[in-house]
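Below, each value reflects all heavy atoms present in this structure, side chains not excepted, and no hydrogens, waters or symmetry copies. Because the structure is predicted, anything quoted here is derived from the model rather than measured.
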Amino acid sequence: MTKKKAKSRLGIDSVEVLGHTFKIVETDKDEDLLMDRNVTMGFIRYFDSVIYIDSRQSLQNMEQTLYHEILHAIDFISHNERIEYDEDTVNTLARGLMTVRMGKA
């Protein structure tokens, strides 16, 4: 029997950042979210082009985590595979992006 794929809560399966496509994986597996032996809410694997998002979060937190990881991707790609922005900066920018609303003209 084939295992049925879980429906995406975010409603997307990839994102393109500065010409690089990252697959979005919603997961409840701690091993996908490990960084320095700590479980995170999201994790980006730059060279595998995958962003993991912890699906055990609320949808709003998942969206903010996705913005957070996209900002890490922008930082990494823009700075020739160097990380320049600290976590506080990325968190602040991600929270700010979550509040942006655009109106129609």
Side-chain angles (χ1 to χ4, degrees):
M1 183 191 294
T2 305
K3 186 176 179 181
K4 189 174 180 180
K5 184 179 176 183
K7 183 167 170 56
S8 167
R9 291 177 61 208
L10 290 169
I12 59 172
D13 62 3
S14 65
V15 63
E16 187 174 324
V17 178
L18 297 172
H20 298 266
T21 300
F22 290 85
K23 179 179 177 183
I24 306 297
V25 175
E26 296 174 28
T27 183
D28 61 359
K29 298 177 183 162
D30 287 348
E31 59 266 22
D32 292 337
L33 300 160
L34 278 177
M35 185 174 79
D36 299 328
R37 290 182 272 180
N38 295 310
V39 176
T40 63
M41 291 184 284
F43 187 74
I44 185 168
R45 295 193 187 280
Y46 301 105
F47 298 110
D48 295 332
S49 300
V50 178
I51 295 174
Y52 293 96
I53 304 293
D54 189 337
S55 61
R56 298 168 288 195
Q57 304 177 76
S58 69
L59 181 57
Q60 183 176 2
N61 284 353
M62 288 176 68
E63 290 170 350
Q64 185 171 327
T65 300
L66 179 58
Y67 279 119
H68 178 103
E69 299 308 327
I70 289 169
L71 288 165
H72 277 304
I74 292 168
D75 179 27
F76 186 76
I77 295 165
S78 296
H79 295 110
N80 297 314
E81 300 181 359
R82 285 189 336 270
I83 297 170
E84 298 285 329
Y85 306 143
D86 61 39
E87 284 296 306
D88 287 337
T89 299
V90 172
N91 282 332
T92 298
L93 292 171
R95 277 193 311 274
L97 282 172
M98 285 290 296
T99 69
V100 172
R101 301 290 178 256
M102 297 182 199
K104 291 185 177 183

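- To the nearest 0.5 Å, atoms CG (N61) and CG (L66) are separated by 12.5 Å.
- Grouping the Ile, Leu, Val, Met, Phe, Trp and Tyr side chains by contacts below 4.5 angstrom, directly or via other members, places F43 apart from F47.
- Between the CD atom of E87 and the OG1 atom of T89 there is a distance of 9.5 Å, given to the nearest 0.5 Å.
- A donor-acceptor contact shorter than 3.5 Å links the side chain of R9 to the backbone of S55.
- Linking Ile, Leu, Val, Met, Phe, Trp and Tyr whenever their side-chain heavy atoms come within less than 4.5 Å puts M98 and I24 in one cluster.
- In this structure, the side chain of Q57 engages the main chain of D54 through a donor-acceptor pair within 3.5 Å.
- Within 6.0 Å of atom CE in M41, 12 or fewer heavy atoms from other residues, nucleotides or ligands are found, so the atom counts as exposed in its surroundings.
- Panel note: side chain D86, backbone D88; a donor-acceptor pair is recorded below 3.5 Å.
- Summarising the local packing, OH of Y67 is surrounded by 12 or fewer heavy atoms from other residues, nucleotides or ligands at distances under 6.0 Å.
- Looking at heavy atoms from C-beta onward, V39 lies in side-chain contact with D30 at the 4.5 angstrom threshold.
- In this structure, V15 and T21 have side chains that are not in contact, with every pair of non-hydrogen atoms separated by 4.5 Å or more.
- A heavy-atom distance below 4.5 Å is not found between the side chains of V25 and I53.
- You'll find the ring centres of Y46 and F76 inside the 6.0 Å limit.
- The 12-atom threshold is exceeded at CD of E84, counting heavy atoms of other residues, nucleotides or ligands nearer than 6.0 Å.
- Taking 4.5 Å as the limit, every side-chain heavy atom of S8 sits out of range of all side-chain heavy atoms of D13.
- I77 and V90 fall within a single hydrophobic cluster, where Ile, Leu, Val, Met, Phe, Trp and Tyr side chains are chained together by heavy-atom contacts under 4.5 Å.
- Looking at heavy atoms from C-beta onward, T27 lies in side-chain contact with L33 at the 4.5 angstrom threshold.
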Run I74 and H72 through side chain to side chain contact (heavy atoms under 4.5 Å, CB included) and show every step you take.
CA-CA 5 Å; I74 292 168; H72 277 304; over 6 Å; no
For L59 and L10: C-alpha separation, side-chain torsions, deciding distance, then whether side chain to side chain contact (heavy atoms under 4.5 Å, CB included) applies.
CA-CA 7 Å; L59 181 57; L10 290 169; 4.0 Å; yes
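- A heavy-atom distance below 4.5 Å is found between the side chains of F22 and I44.
- Put simply, the side chain of Y52 reaches to within 4.5 Å of the side chain of R45, judged on heavy atoms.
- Between L71 and L97 the shortest side-chain heavy-atom distance falls below 4.5 Å.
- Residue I51 is grouped with residue L18 when hydrophobic side chains (ILVMFWY) are merged at heavy-atom distances under 4.5 angstrom, including chains of intermediate members.
- The backbone N or O of G96 sits less than 3.5 Å from a side-chain atom of T99, completing a donor-acceptor pair.
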Take H79 and Y85 through the ring pair (Phe, Tyr, Trp, His ring centres under 6.0 Å) test and state the conclusion after the steps.
CA-CA 10 Å; H79 295 110; Y85 306 143; 5.4 Å; yes
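- Each of M62 and M35 belongs to its own hydrophobic cluster when Ile, Leu, Val, Met, Phe, Trp and Tyr are linked at side-chain heavy-atom distances under 4.5 angstrom.
- For the residue pair H68/E63, the side-chain donor-acceptor check at 3.5 Å is not satisfied.
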